[in-house]
Number of protein chains: 2
Amino acid sequence: MGKGADTRGMILDRALSLASTEGLEQLTIGLLAKAVGMSKSGLFAHFKSKEQLQLSVLEAASERFVRGVISPSLKEPRGEPRVQALFDHWLEWEAAFPGGCPYQTAIIEFDDRPGVVRDYLLETQRDWQDALTQAARIAVDEGHFRADLEPKTFAFQFTCLAIGYYQHKHLYRDGTSKTLTRKAFDQLLDSARA
Amino acid sequence: MGKGADTRGMILDRALSLASTEGLEQLTIGLLAKAVGMSKSGLFAHFKSKEQLQLSVLEAASERFVRGVISPSLKEPRGEPRVQALFDHWLEWEAAFPGGCPYQTAIIEFDDRPGVVRDYLLETQRDWQDALTQAARIAVDEGHFRADLEPKTFAFQFTCLAIGYYQHKHLYRDGTSKTLTRKAFDQLLDSARA
DNA sequence: TGACGAAACGAACGTTCGTACTATTGTCGG
DNA sequence: CCGACAATAGTACGAACGTTCGTTTCGTCA
């Protein structure tokens with residue numbers, strides 16, 4: 001159980017990069033094998049099907065997301081600072097992948113294709129949305145946000161900005177995306193406060 | 001030049017639906033041929049390459065977008081009513097495709113892949129962003145929006161909501177997306193007004 | 001009606017896809 | 001150091017990919 005898990009991890013590392021630029025479907029087994037310097041069959045043995053590979057890639061992404069975004073944000077003070085931290089860490093995390101957030105790509109690819117991949121995406125995205133909603137609710141409780149703020153709506157607006165940032169950055173590539181998104185987010189925070 | 005253009009149009013019609021659900025790359029020539037009841041080679045003859053087919057599909061989408069969103073909105077009164085119309089027509093237009101806005105899918109697929117398709121996406125998306133910015137600027141001039149509003153930022157926020165709506169709708173499929181998005185948009189309008 | 005160009009066809013090209021088998025290598029505990 | 005077993009490579013498969021080819025059907029006008 002030693003060596004195998006290591007190579008599997010290395011494969012998923014490389015797969016995450018490829019999936020972020022090419023998508024989960026274009027992430028081909030032959031291509032991935034060449035990228036990590038293995039034979040197609042040798043790599044294939046680690047995952048018993050392409051669908052399992054796709055799922056494993058998303059699970060690896062989840063793990064990184066928790067480690068890079070969720071956990072560090074939970075260490076921040078409750079309320080607005082934590083909301084702000086979630087946003088900051090999201091921006092950082094997105095930049096860690098050459099093709100941007102792998103979830104973004106995967107959701108577009110699979111939101112109309114039923115199966116275990118779509119199910120997994122739905123589940124994790126719900127969790128992320130719940131976490132955001134909860135963070136907003138706490139900010140209300142703490143008195144940072146106005147009492148009549150709807151946490152769910154706030155979470156949606158938050159997510160919209162995150163998605164929009166991703167798209168703007170990768171399409172225009174003019175370096176203005178981060179400033180623009182920060183401005184929009186500050187405005188969102190403004191209207192969320194008392 | 002009669003018959004050929006007709007079938008070409010019919011092909012692109014079907015292709016638009018398929019591309020919105022499957023993506024421009026998964027929109028396979030063989031699959032499309034089967035969908036329209038033609039032979040692969042017969043269909044292929046209309047476009048001299050797959051890249052040309054993809055480009056033609058996007059051009060067909062552009063045409064529909066102008067006819068369904070831009071033009072009718074320009075008939076509305078200048079200022080906020082026109083901005084509102086742009087948003088309303090966007091929501092309608094998006095619903096006309098089984099897999100949602102074909103641009104959304106295409107941008108995610110091609111934003112990291114240089115070529116004529118990406119170039120075309122960049123160009124049309126810039127046009128759309130410019131149109132939105134211009135509409136916001138007019139609303140400022142008319143006194144509907146506050147004088148210090150930044151039209152470009154507003155256009156970005158607008159687009160973010162549109163993208164977010166698309167994703168929410170197709171992933172969750174719980175029927176709450178439109179209400180949620182309208183609420184967020186109303187809030188955006190509120191903060192844009194005096 | 002005959003002829004001619006446009007449009008659609010069927011078959012085949014070489015390549016790559018995901019997956020199934022079998023063989024070879026590598027890594028450890030006795 | 002060796003046997004067991006995990007890990008990787010090799011080979012082959014049927015199907016689908018984009019593309020090309022030569023041929024056949026269709027539409028139109030002399």
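Computed from a prediction, not measured in an experiment: that's the story for all the values here. In what follows, chains are A, B, ... by sequence order, proteins preceding strands, each numbered from 1.
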All N/O contacts under 3.5 Å from nucleotides 15-21 of chain D to the protein, with atom names and distances to one decimal?
| residue | atom | partner | partner atom | Å |
| --- | --- | --- | --- | --- |
| D:dC17 | OP1 | B:Thr28 | OG1 | 3.0 |
| D:dC17 | O5' | B:Thr28 | OG1 | 3.3 |
| D:dC17 | O3' | B:Thr28 | OG1 | 3.4 |
| D:dG18 | OP1 | B:Thr28 | OG1 | 3.4 |
| D:dG18 | OP1 | B:Lys50 | NZ | 2.7 |
| D:dG18 | OP2 | B:Thr28 | OG1 | 3.4 |
| D:dG18 | OP2 | B:Ile29 | N | 3.1 |
| D:dG18 | N7 | B:Lys40 | NZ | 3.2 |
| D:dG18 | O6 | B:Lys40 | NZ | 3.4 |
| D:dT19 | OP2 | B:Lys50 | N | 2.7 |

When the ring planes of B:Trp93 and B:Phe97 are compared, do they come out parallel, tilted or perpendicular, using 30° and 60° as the limits? perpendicular
Does A:His46 place a side-chain N or O at less than 4.0 Å from the phosphate oxygens OP1/OP2 of D:dA6? no
What is the nucleic acid contact for A:Ala45, judged by heavy atoms within less than 4.0 Å: base, sugar-phosphate only, or nothing? base
Starting at CE of A:Met38 and ending at C1' of C:dT25, how long is that distance when rounded to a whole Å? 13 Å
For residues A:Glu25 and A:Gln54, is any side-chain donor paired with an opposing acceptor at under 3.5 Å? yes
Rounded to whole Å, please give me the gap between CD in A:Gln52 and P in C:dG18. 15 Å
Short side-chain donor-acceptor distance under 3.5 Å, A:Gln129 and B:His168: no
Start with the C-alpha gap between A:Thr105 and A:Tyr166, add the side-chain angles, then the distance that decides, and say whether side chain to side chain contact (heavy atoms under 4.5 Å, CB included) holds. CA-CA 10 Å; A:Thr105 316; A:Tyr166 163 75; 3.5 Å; yes
Over how many whole Å does the gap from B:Asp6 atom CG to C:dA7 atom C1' extend? 12 Å
Cut-off 3.5 Å, side chains only: do A:Glu94 and A:Gln104 have a donor facing an acceptor? no
Is the backbone N or O of B:Asp111 less than 3.5 Å from a side-chain atom of B:Arg118, with the two atoms forming a donor-acceptor pair by type? yes
